[in-house]
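Report on the following structure.
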Protein chains: 2
Amino acid sequence: MPHDHEAILQKVRQDLPTDELLCDLADLFKIFGDTTRIKILYALLESEMCVCAIADLLGMTQSAISHQLRILKDADLVGKRREGKTIYYHLSDEHVRTIVAQGFEHLIEEQMPNP
Amino acid sequence: MPHDHEAILQKVRQDLPTDELLCDLADLFKIFGDTTRIKILYALLESEMCVCAIADLLGMTQSAISHQLRILKDADLVGKRREGKTIYYHLSDEHVRTIVAQGFEHLIEEQMPNP
DNA sequence: CGTTCATATGAATCGCTGTTCATATATTAG
DNA sequence: CTAATATATGAACAGCGATTCATATGAACG
């Protein structure tokens, strides 16, 4: 007979958020989980930028960048501002900075040789 | 003639981390960007758990969970402990808690109606 | 040793997603 | 209005990755 773990299961089930919330959370991190998007976000940490500047910076197509910016915008991670023909993108809030920073810290500690 | 943005580009290029680091960062977030893995991590925030308990909790195959646990382990996000036939998984550090919490905060503010 | 329970692993499949290409929209200049 | 620049978008394609299925490993127990 298989072993029992109803006790733990009940406890965990109680505190587990709804499926929908957990999916939303995964979707958010999915956005950070792409090299191109991470680079865009990192660049925007420094200063607002127009699309072609980002494309130039990353050595990628304007189209590719535009597609990614759309995803970032849909997730409310960036916002835009028009100035003539040019559109400047910027971070919409400071959460990006904190989230990225936390990721960084984990990477650093991970690469440390054990003391 | 296309418009100029060398000034900003130079500044940003200076402070942009190496490609390798940015990829590692994206890879880290990629791990959080899957519903199954987020759920596993969330469960482990509460208490350590054996594989079949997690499978039971999420209503998924033992095999599927095992595959995901391997990914989490390779990324040093979880560790394991053997007790007879059973193997208990636990979070390897508290960064998971902080990273997830930050993601949460963004979600909450995002869903707020503007004041 | 052989059986049972718990977990791991490898191959195959199938859906998702990032890029490309072609084209559309928008703004400014002439 | 036409041309040029800047960005957006849609369809198509390719590669990756999560699950499934079958099977292997590993431990305890008689």
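The sequence lines fix the lettering, A, B, ..., with proteins before strands; numbering per chain opens at 1.
- For B:Gln68, counting side-chain heavy atoms from C-beta on, the closest listed nucleotide (D:dT19, C:dG18, C:dT7) is D:dT19.
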B:Arg70 and B:Asp74: CA distance, side-chain angles, deciding distance, salt bridge (Lys or Arg N to Asp or Glu O under 4.0 Å) verdict: CA-CA 6 Å; B:Arg70 180 154 174 34; B:Asp74 285 349; 3.3 Å; yes
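- No continuous path of ILVMFWY side-chain contacts below 4.5 Å connects B:Leu72 to B:Tyr88, so the two sit in separate hydrophobic clusters.
- Of the listed nucleotides (D:dT7, D:dA6, C:dA22), C:dA22 has the atom at the smallest distance from the side chain of A:Ser63.
- A:Thr86 comes within 4.0 angstrom of sugar-phosphate atoms only, judged by non-hydrogen atoms across all strands, and of no base.
- Atom CD in B:Glu83 sits roughly 15 Å away from atom C1' in C:dT7 (whole-Å rounding).
- If you take CD1 of B:Ile87 and C1' of C:dC5, they are 12 Å apart, rounded to a whole angstrom.
- You'll find a donor-acceptor pair under 3.5 Å spanning the side chain of A:Gln62 and the base of D:dA8, going by distance alone.
- Sequence order on DNA chain C of the closest nucleotides to A:Gly84 and A:Arg37 puts A:Arg37 first from the 5' end.
- As rounded to whole Å, 13 Å separates atom P of D:dA18 from atom CG of B:Leu69.
- Here B:Lys80 does not reach the OP1 or OP2 of C:dT7: none of its side-chain N or O atoms lies under 4.0 Å away.
- Straight-line distance from the CZ atom of B:Arg81 to the C1' atom of C:dT7: 15 Å, rounded to whole Å.
- Among the nucleotides C:dA8, D:dA27, D:dT9, the one closest to any side-chain atom of B:Ser66 is C:dA8.
- Picking from D:dG26, D:dT5, C:dA26 the nucleotide with the shortest atom distance to the side chain of A:Lys85 gives D:dT5.
- If you check distances only, the side chain of A:Thr61 never reaches the base of C:dC21 with a donor-acceptor pair under 3.5 Å.
- Nearest nucleotide to the A:Val51 side chain, out of D:dT7, C:dA8, C:dT19: D:dT7.
- Residue-level contact check: B:Ile31 touches neither bases nor backbone, having no heavy atom under 4.0 Å from any strand.
- Taking the six-membered ring for Trp and thresholds of 30 and 60 degrees, A:Phe32 and A:Phe29 have ring planes inclined between 30 and 60 degrees apart.
- Taking all atoms of both residues into account, the shortest heavy-atom contact from B:Gly33 to A:Lys30 is O-CE, 2.9 Å.
- As rounded to whole Å, 18 Å separates atom P of D:dC16 from atom CG of B:Asp34.
- Using a 4.0 Å heavy-atom criterion, one finds that B:Lys73 contacts no nucleic acid atom at all.
- When heavy atoms are screened at a 4.0 angstrom cut-off, B:Tyr88 is found touching no nucleic acid atom at all.
- By the rule that hydrophobic residues join a cluster once side-chain heavy atoms approach within less than 4.5 Å of another member, A:Leu21 and B:Val100 end up as members of one cluster.
- Summary of helix geometry: the two end axes of the helix from C:dC1-D:dG30 to C:dG30-D:dC1, each defined by five base pairs via their C1' atoms, are inclined to each other by 20° (rounded to 10°).
- At a cut-off of 3.5 angstrom, counting only N and O atoms as typed in the model, there is no donor on one side facing an acceptor on the other between the side-chain of A:His67 and the base of D:dT7.
- Of the candidates D:dG17, D:dT19, C:dA8, D:dG17 carries the atom nearest the B:Lys30 side chain, counting heavy atoms from C-beta on.
- Backbone-only engagement by B:His3 is indicated by non-hydrogen atom pairs under 4.0 Å involving sugar-phosphate atoms exclusively.
- Using a 4.0 Å cut-off, no side-chain N or O of B:Arg70 falls inside it from OP1 or OP2 of C:dT7.
- Between A:Tyr89 and D:dA8 there is a side-chain polar atom (N or O) within less than 4.0 angstrom of OP1 or OP2.
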Applying side chain to side chain contact (heavy atoms under 4.5 Å, CB included), run through B:Ile54 and B:Gln68 and close with a yes or a no. CA-CA 11 Å; B:Ile54 300 173; B:Gln68 297 306 333; over 6 Å; no
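- A side-chain donor-acceptor contact under 3.5 Å links A:Arg82 to the backbone of A:Gly84.
- Residue contacts for A:Ile54: at a heavy-atom cut-off of 4.0 Å it reaches no nucleic acid atom on any strand shown.
- In this structure, the CE atom of B:Met49 is 17 Å from the C1' atom of C:dT7, given to the nearest Å.
- One finds the CG atom of B:Leu69 at 4.5 Å from the CD1 atom of B:Ile40 (value rounded to the nearest 0.5 Å).
- The CZ atom of B:Arg82 sits 12 Å away from the P atom of C:dA6 (whole-angstrom rounding).
- Distance, A:Ile71 CD1 to D:dG10 P: 13 Å, rounded to whole Å.
- In terms of heavy atoms, B:Cys23 sits closest to A:Thr35 at SG-CG2, 3.6 Å.
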